[in-house]
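Okay, structure first, notes after.
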Amino acid sequence: MTNLRNKKIIVVGGSSGIGFGVAAAALENGAQVVIAGRSDEKLQAAQKRLAGAGRVTGIAAHMANEADVARLFGAVGAFDHLVATAGTPPPNYPIGETDMDFVRGFVDSKLIGAVMLAKHAVRSLNKGGSMIFTSGINKDRPPVPGGSVVSAVAGSFTYFARALALELAPTRVNIVSPGWVDTEMWDEIVGEAKSGYFEQMGARLPAGKIAKPADIAPAYLYLMQNEFMTGETIHIDGGQRLV
Ligand SMILES: NC(=O)c1ccc[n+]([C@@H]2O[C@H](COP(=O)([O-])OP(=O)(O)OC[C@H]3O[C@@H](n4cnc5c(N)ncnc54)[C@H](OP(=O)(O)O)[C@@H]3O)[C@@H](O)[C@H]2O)c1
């Protein structure tokens, strides 16, 4: 396992939720961290909370905007690991009521955005580095109705990583697929109903609770540090795929 001390890590989605947890864990391990997201305000608030002794910076960028993505990597220069956790609430329409503009926006941001990040990251990723993208439990346990698009997009990441791992070798490319995680995204999706959802699901899960971002972050750190892991999807879901 390699040491993350002084390694430069970009976390796209690092101003909130799972990405914030990865940024915090990477800082604890001595890394230099760049967090990116669309909102400058959220980035500044996250930087304050992370308090990385000067080792964290924030850069505003929309991952589906190629000029933004090029500017992000241009500003960072050479770096060691890319982590992409960015995402927005998925479409949840029954298929017959699909809002195509919403679906296009979701796919554009999550999947096309990942392609764009990989395209630009590869130019300045140091030897021995890696890319990690984020999938999720919705591909294994699709919400019914309305889960088809998110399931297809999340599922595609496994194959994206397998192909890229071959193309970019020895640069490593991997995926983390979390189960439900208690993040700001849930406040946006279900609001005050969140605690009820989490109580019910927590009781069903073999792990007996819903994950916090700090429970998920070690999977990303492991993939950065283990030089033998590539083309792989790590499921970290408290046993959610079993129930
Ligand atoms: N939470 C869960 O239960 C769970 C489970 C499985 C998978 N996932 C997946 O994990 C990912 C992260 O989820 P989360 O719960 O951590 O969400 P979150 O708390 O809402 O955080 C999302 C982060 O992504 C950034 N972001 C969103 N769209 C972006 C874009 N187009 N360009 C750049 N940054 C963008 C947000 O900042 P701005 O808003 O400022 O851009 C924020 O920093 C999502 O793709 C989600 O589907 C989540």
Side-chain angles (χ1 to χ4, degrees), residues 10-25 33-47 49-50 56 58-69 71-73 82-92 104-117 120 132-143 147 149-158 175-190 194 197-198 201-202 205 207 209-217 219-220 233-238 240-241:
I10 303 177
V11 185
V12 182
S15 62
S16 168
I18 297 169
F20 182 88
V22 175
V33 176
V34 177
I35 54 173
R38 294 164 301 177
S39 153
D40 221 1
E41 209 174 298
K42 272 165 78 170
L43 286 166
Q44 281 175 27
Q47 265 177 271
R49 282 192 294 147
L50 285 167
V56 58
I59 297 179
H62 191 311
M63 71 187 270
N65 177 317
E66 192 155 12
D68 273 17
V69 172
R71 183 177 44 76
L72 167 67
F73 288 104
L82 169 68
V83 172
T85 63
T88 44
N92 60 358
R104 281 203 182 88
F106 177 74
V107 175
D108 206 36
S109 193
K110 183 83 187 163
L111 184 56
I112 307 292
V115 175
M116 207 122 69
L117 290 176
H120 288 270
I132 307 169
F133 298 92
T134 304
S135 165
I137 186 71
N138 279 338
K139 70 183 182 325
D140 308 295
R141 292 284 178 273
V149 172
V150 66
S151 181
V153 171
S156 70
F157 276 93
T158 288
I175 305 298
V176 174
S177 181
W180 286 13
V181 189
D182 186 355
T183 67
E184 291 83 334
M185 184 177 281
W186 278 95
D187 298 320
E188 209 178 322
I189 299 174
V190 293
K194 181 170 103 166
Y197 273 83
F198 281 4
M201 179 57 87
L205 289 181
K209 63 166 194 168
I210 298 295
K212 299 279 186 199
D215 298 313
I216 305 299
Y220 290 84
T233 297
I234 289 194
H235 293 92
I236 177 160
D237 59 18
Q240 195 168 346
R241 282 172 307 141

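This one's a predicted model, so the numbers in the text were calculated from it and none came from an experiment. Start at 1 and go down the list; that is how both ligands and their atoms are numbered.
- Checked by atom type, the side-chain pair Q240/H235 shows no donor-acceptor distance below 3.5 Å.
- Looking from atom 15 (O) of ligand 1 to the surrounding protein, the closest heavy atom is T183 OG1, 2.5 Å.
- Within the structure, ligand 1 lacks F20 among the residues with a heavy atom less than 4.0 angstrom away.
- Among all non-hydrogen protein atoms, the one lying nearest atom 19 (O) of ligand 1 is S16 OG, 2.6 Å.
- Shortest contact from atom 27 (C) of ligand 1 to any protein heavy atom: G87 O, 3.4 Å.
- On a distance-only criterion, V181 and ligand 1 share at least one N/O pair closer than 3.5 Å.
- Nearest protein heavy-atom contact of atom 32 (N) of ligand 1 is M63 N, 2.9 Å.
- No option in I234, V22, I175, V83 other than V83 meets the side-chain contact (heavy atoms from CB on, under 4.5 Å) test with I132.
- Salt-bridge check for K194 with D182: passed, with a basic side-chain N closer than 4.0 Å to an acidic carboxylate O.
- Counting heavy-atom neighbours within 6.0 Å of E41 CD, excluding the residue itself, gives a total of 12 or less.
- Relative to atom 23 (C) of ligand 1, the option among G13, P89, G58 with the closest non-hydrogen atom is G13.
- From the protein, the heavy atom lying nearest to atom 37 (O) of ligand 1 is S15 OG, 3.4 Å.
- Of the possible polar contacts, one joining the S135 side chain to the A154 backbone as a donor-acceptor pair under 3.5 Å is found.
- Close approach to W180 involves these atoms of ligand 1, each under 4.0 Å from a residue heavy atom: 3 (O).
- Under the 4.0 angstrom criterion for non-hydrogen atoms, G21 is not in contact with ligand 1.
- Near W186, meaning under 4.0 Å from any of its heavy atoms, are these atoms of ligand 1: 1 (N), 2 (C), 3 (O).
- The minimum heavy-atom distance linking T134 with A84 is given by the pair OG1-O, 2.7 Å.
- In this structure the side chain of Y220 reaches within 4.5 angstrom of the side chain of T85, judged on heavy atoms.
- Residue G17 has at least one heavy-atom neighbour below 4.0 Å for each of these atoms of ligand 1: 16 (O), 19 (O).
- Residue, atom and distance of the protein heavy atom nearest to atom 36 (C) of ligand 1 are K42 NZ, 4.0 Å.
- When each atom of ligand 1 is checked for a heavy atom of K110 under 4.0 Å away, the hits are 44 (C), 45 (O).
- E188 does not count as a contact of ligand 1, since none of its heavy atoms falls under 4.0 Å from the ligand.
- Comparing T85, I210, T134 by heavy-atom distance to atom 11 (C) of ligand 1, the nearest is T85.
- Checked by atom type and distance alone, the side chain of R71 pairs as donor or acceptor with a backbone atom of A60 at under 3.5 Å.
- If you number the atoms of ligand 1 from 1 as listed, the ones under 4.0 Å from a heavy atom of A61 come out as 32 (N), 33 (C).
- Of the protein's non-hydrogen atoms, the one nearest atom 31 (N) of ligand 1 is S109 OG, 3.0 Å.
- Salt bridge D237/R141: absent, no basic N to carboxylate O contact under 4.0 Å.
- In this structure, K110 satisfies the cation-pi test against F157, with its NZ or CZ atom closer than 6.0 Å to the six-membered ring centre and inside 45 degrees of the ring normal.
- Heavy-atom contacts from other residues, nucleotides or ligands closer than 6.0 Å to CZ of R104 number 12 or fewer.
- Using a 4.5 Å heavy-atom cutoff, the side chains of D68 and M63 are not in contact.
- A donor-acceptor contact closer than 3.5 angstrom is absent between the side chains of T233 and S177.
- Atoms of ligand 1 found under 4.0 Å from any heavy atom of E184, numbered from 1 in the order shown, are 19 (O).
- Within the structure, ligand 1 lacks G113 among the residues with a heavy atom less than 4.0 angstrom away.
- When hydrogens are left out, the protein atom nearest atom 7 (C) of ligand 1 is S135 O, 3.3 Å; that is the closest non-hydrogen contact.
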